[in-house]
Number of protein chains: 2
Amino acid sequence: MKSEKISEAVVRRLPIYLRYLNELNKREVATVSSHELGQKLDLNPAQIRKDLAYFGDFGRKGIGYDVSYLIEKIRQILNLDQQINAVLVGAGNLGMALSNYNFYLKENMKIVAVFDSKPVKVGTHINTLTVQPMEELSETIQANKIRIGIITVPDFEAQNVADMLISSGIEAILNFAPTILKAPSHIRIHAADFTTDLLSLAYYLEDGKDEIIDDGQVK
Amino acid sequence: MKSEKISEAVVRRLPIYLRYLNELNKREVATVSSHELGQKLDLNPAQIRKDLAYFGDFGRKGIGYDVSYLIEKIRQILNLDQQINAVLVGAGNLGMALSNYNFYLKENMKIVAVFDSKPVKVGTHINTLTVQPMEELSETIQANKIRIGIITVPDFEAQNVADMLISSGIEAILNFAPTILKAPSHIRIHAADFTTDLLSLAYYLEDGKDEIIDDGQVK
DNA sequence: TAGATTGTTAATCGATTAACAATC
DNA sequence: TAGATTGTTAATCGATTAACAATC
């Protein structure tokens, strides 16, 4: 498998499948069909079957998918059958919120270190972690096999932090800063800037411009 | 304009254009070409021209786009030529982080109220806002013409909060909870769940499974 | 004028969905 | 067996990119 190139859209749906499968598993549901998954997740059943079939024949005709087995397989596909360590840079409000979220993640992904360039932040505690100074970034990343970087610094610092992460050997970055990062093509970067999300929502609001009719009455 | 249906992908790029145009404007750059925009934003120039052309002829052949004029036009398209009020539900770490971000948003979008169901949160302050109890949600939304809801409650409460927001007249929702919300089709919902983003990143990590060669040597 | 750059059409590429044989 | 559901091919749909005439 993985011989065909898998599109990003497919990969992004895998964690969504995984999340609902975990829920089914907790409820001790043994089997699920693409139809049921589709209903719950607002996706087309054919799309779900096709997504999964890229990676193997996980289902059984006439039956559906075994929940536990599919969870195992998707974890393998996502490399979550091993623990993946992440580092967070920027111990502001958002950084602290994400660090705390750590313990909500049921999967094998963990923020194992937090950094900040501001001396007043260094040494403060976020749960079990102590905020470290930027000088220790590279060493910590290498010593702890940290592979993912999460950027929650202000926009003007983001590229600089990204460069440091990359030169320290990080493989992928989740960027919360509202800026487009430049990086070599082998580094995977996902933009997670919610200001973009929020502003684009405004497009879908009813205009209001049309609602006032010539005579001043509201329709 | 707006006669053709505009795809979500196009709309999502508009705030990204806007952000960079604002930066150019601050630097007093008067004019920009699709080529330069494309370079900065990692987008194809033809795509940028096409995106903008859906809404009007904003550029000038041989010259490019007038920065101030294009800012004005994109704001109009996104309904950001008027103030858009938003409400945030869930005053946990993430909610507080977002509320504080408020003042980073240069555009006409403002979180004007924060709610939480936990009595211990109610009455606490986040910047200039006081956390209110859920009982006041509907009234506050209507009294303040709040049109967008931001959900930062735990997953098991999210659907319930969405229902309340919708029945209070909200038009669009930004959902940070890791769950698929069900809503009538005229309500616009964007998922902003970063756990999905983070887990999907793991797919792109080098497997490591291949890196240990038969003789035990690492390649 | 010559060079630059738009707006737009046509070509390409990719993703989603429908349909159905295989089979549990 | 009859009903259900997969895996997969073909059809459809939509989005991106290339190319270029128009024109500043």
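Convention: sequence-line order gives letters A, B, ...; per-chain numbering from 1. On a predicted model such as this, the values are computed, not experimentally measured, just so you know.
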- Query: Short question: side chain of A/Gln142, backbone of A/Ser168 - any donor-acceptor pair under 3.5 Å?
  - Reply: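 Yes; judged by distance alone, with no hydrogens or angles, the pair exists.
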- Query: For the residue pair A/Glu36 and A/Val32, what are the closest heavy atoms and their distance?
  - Reply: OE1-CG2, 3.5 Å
- Message: Ignoring hydrogens, what is the shortest heavy-atom contact between B/Leu80 and A/Ala202? Give both atom names and the distance.
- Response: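 That would be CD2-CB, 4.1 Å.
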- Message: Each nucleotide in nucleotides 5-15 of chain D should get exactly one letter: B, S or -. Can you fill that in based on protein heavy atoms under 4.0 Å?
- Response: BBBBB-----S
- Message: Could you check whether any side-chain heavy atom of A/Asn85 comes within less than 4.5 Å of a side-chain heavy atom of A/Ile141, counting everything from C-beta outward?
- Response: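 Not touching, per the 4.5 Å side-chain cut-off.
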- Check whether any side-chain heavy atom of A/Phe55 lies under 4.5 Å from a side-chain heavy atom of A/Val10, and answer yes or no.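 Yes, side chains in contact.
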- Is it true that B/Asp163 and B/Lys182 have a side-chain N and a carboxylate O under 4.0 angstrom from each other? no
- Presence of salt bridge, B/Arg19 and B/Glu23, under 4.0 angstrom: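 Judged by the 4.0 Å cut-off on N to carboxylate O distance, B/Glu23 and B/Arg19 do not form a salt bridge.
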- Message: Could you write out DNA chain C as dot-bracket? Rules: Watson-Crick or G-U wobble, both distances under 3.5 Å, brackets [ ] for crossings, | for pairs with another strand, dot for unpaired.
- Response: ..||||||||||||||||||||||
